[in-house]
A.B. asks: 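Here's a structure for you.
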2 protein chains.
Amino acid sequence: MASTKDKILNAAERLFAEHGFAETSLRMITTKADVNLASVNYHFGSKKTLIQAVFERFMDRFSAGLSDELDKLDASDSSLEVIDVLSTLTRPIILLDELRPDGAGVFMNLLGRAYAETQGHIRRFAMERYSDISKRFSMLLQATSPTMQPSEMFWRLHFMLGSFIFTLAGHKALQEISESDFDQKLTIEQIIQRLVPFMSAAFSFDSNLPNNHFTDSSPNRLSSLAGE
Amino acid sequence: MASTKDKILNAAERLFAEHGFAETSLRMITTKADVNLASVNYHFGSKKTLIQAVFERFMDRFSAGLSDELDKLDASDSSLEVIDVLSTLTRPIILLDELRPDGAGVFMNLLGRAYAETQGHIRRFAMERYSDISKRFSMLLQATSPTMQPSEMFWRLHFMLGSFIFTLAGHKALQEISESDFDQKLTIEQIIQRLVPFMSAAFSFDSNLPNNHFTDSSPNRLSSLAGE
DNA sequence: CGAAAATTCAAACAAGTGTTTGAAACATAC
DNA sequence: GTATGTTTCAAACACTTGTTTGAATTTTCG
């Protein structure tokens with residue numbers, strides 16, 4: 001029998017992912033968890049800190065998994081390629097999905113909502129708590145492309161982050177469309193296995209290459225707003 | 001002097017983008033707009049339809065701008081490259097930014113929040129109302145890569161969508177980090193001009209190529225969860 | 001002008017919110 | 001077994017929410 005605390009966390013994480021933080025009331029949570037209303041404030045203090053606790057439980061799992069993968073990468077002596085670094089994300093995500101039904105989707109949904117919080121008490125909390133692992137990941141990525149400017153790498157990293165969070169948070173809807181339109185329903189792992197090579201190709205693009213095809217800014221290409 | 005209706009829309013769109021739909025009360029909106037509380041229900045019927053109206057105003061602008069760009073593309077007789085199609089997104093987004101302060105950021109923020117809505121009354125509304133323009137865009141993209149499977153293209157398109165929405169919705173926070181860490185604050189346009197070539201390179205990656213570097217699945221690469 | 005329609009307004013409504021309270025029930029340890 | 005600390009519970013609290021009402025005001029137009 002799960003403890004009251006865990007029952008609350010289990011119910012809360014599903015409801016938060018499904019309806020959002022503000023749209024989920026403590027009464028919805030305690031009803032689903034089959035515990036007394038007051039127990040939330042007793043065990044967690046407030047709704048705000050409950051949200052943090054839900055987030056923390058996922059994030060700890062994920063960052064531990066990612067840390068393991070990065071360890072493996074450090075241990076291997078083969079030269080690092082972009083895809084090797086990006087691939088370290090796969091397993092930690094899949095592990096969440098095995099932890100509980102649609103764990104990865106729930107986690108990414110929470111991540112996306114946390115990021116949307118402009119005032120962002122979660123954001124600040126995550127920043128300081130998981131800065132180590134994120135720095136480590138970004139260092140390794142930088143090592144694959146020594147000539148790339150760190151600022152360019154910074155932006156690319158967030159471009160990628162957007163793809164991951166957005167796609168996996170909404171994977172259920174996307175899976176449905178994919179199934180009805182193409183008769184193929186990808187699993188989370190299959191989605192990631194498409195996403196990783198796709199993003200690796202993007203990262204491998206060298207914007208410093210002169211006369212590069214992708215940075216050709218002849219009138220018909222790119223924005224050229226000025227020319228109108 | 002703006003009409004009451006417009007004053008409400010103007011106040012609402014900023015507050016929605018800043019705090020989210022649920023976290024923004026009608027009283028916050030009417031206070032900021034300096035109109036009577038009841039006028040929201042009088043002019044828009046309900047909060048739900050107000051949200052739709054705010055969204056619609058942006059989306060109409062954007063899709064009209066995108067439509068123009070796609071027209072230009074149809075008119076040009078040069079062979080289409082991926083970057084030509086992706087570049088059509090730039091101008092419509094920048095135009096929103098010129099329409100009102102941080103228009104692009106506000107719009108992307110709304111888009112992101114609308115997508116997060118799992119139950120999604122906005123999502124359904126957008127699906128049927130803007131299916132034409134989205135189909136047109138995706139057709140043109142498909143034309144640049146005739147050999148690519150439509151299902152693969154579908155997923156890539158949503159990977160890209162995630163990058164755009166996520167990055168531009170949170171661009172303010174990212175700009176701040178970029179400024180403090182690299183002493184360079186990019187404009188929205190500059191962000192897009194990094195994003196478009198980056199994504200174009202990703203789209204140009206051919207996953208059907210045999211023995212491709214990026215799909216090499218030797219033990220150290222990709223997930224290989226089975227092997228544990 | 002003056003009747004009709006459209007709009008604004010202050011006030012109230014019912015419903016739902018997070019949180020607090022103090023007694024009851026339970027568990028733990030001496 | 002009794003005392004101590006922990007946890008649960010029903011009830012109430014103070015407050016905010018979106019929406020409605022009906023009268024007052026403004027605008028429209030013949």
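To find a chain, count down the sequence lines: A is the first, B the second, and so on, and within it residues start at 1. In this text, all values refer to a predicted model and were calculated from it rather than measured experimentally. Atom set for the values below is all heavy atoms of this structure, side chains included, hydrogens, waters and symmetry mates excluded.
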A.B. asks: May I ask you to verify whether the side chain of A:R27 and the base of C:dG16 hold a donor-acceptor pair under 3.5 Å?
C.D. replies: no
A.B. asks: Figure out the CG/P separation between A:N41 and D:dA10, and round it to whole Å.
C.D. replies: 16 Å
A.B. asks: Looking only at the side chain of B:H43 (C-beta and beyond, no hydrogens), which of the listed nucleotides C:dT7, C:dA10, D:dA12 gets closest?
C.D. replies: C:dT7
A.B. asks: Measure from the side-chain heavy atoms of A:T4 and tell me the nearest of D:dA12, D:dT8, D:dT19.
C.D. replies: D:dT8
A.B. asks: Tell me, do A:E13 and A:L9 make a side-chain contact under 4.5 Å, heavy atoms counted?
C.D. replies: no
A.B. asks: Within less than 4.0 Å of OP1 or OP2 of D:dT16, is there a side-chain N or O belonging to B:S25?
C.D. replies: no
A.B. asks: Consider the side chain of A:L37, meaning its heavy atoms from C-beta on, and name the nucleotide among C:dA12, D:dT21, C:dT19 that approaches it most closely.
C.D. replies: C:dT19
A.B. asks: Cation-pi check for A:F58 against A:R100: NZ or CZ below 6.0 Å from the six-membered ring centre and within 45 degrees of the axis, yes or no?
C.D. replies: yes
A.B. asks: Counting side-chain heavy atoms from CB outward, which of D:dT7, C:dT17, D:dA10 is closest to A:Y42?
C.D. replies: D:dT7
A.B. asks: Evaluate side chain to side chain donor-acceptor pair (under 3.5 Å) for B:R57 paired with B:N10, printing each intermediate quantity in order.
C.D. replies: CA-CA 10 Å; B:R57 201 165 60 147; B:N10 291 337; 2.9 Å; yes
A.B. asks: Return no unless some side-chain N or O of A:S39 is found under 4.0 Å from OP1 or OP2 of D:dT8.
C.D. replies: no
A.B. asks: With heavy atoms under 4.0 Å as the rule, sort B:S3 into base, sugar-phosphate or nothing.
C.D. replies: nothing
A.B. asks: Please report, rounded to the nearest Å, how far the C1' atom of C:dT8 is from the CG atom of B:D34.
C.D. replies: 12 Å
A.B. asks: May I ask you to decide whether A:R156 forms a salt bridge with A:E152, counting only side-chain N to carboxylate O separations under 4.0 Å?
C.D. replies: yes
A.B. asks: May I ask you to verify if any side-chain N or O of B:N36 is less than 4.0 angstrom from the OP1 or OP2 atom of C:dA10?
C.D. replies: yes
A.B. asks: Of the nucleotides D:dG18, C:dT19, C:dC9, which has the atom closest to the B:K47 side chain?
C.D. replies: D:dG18
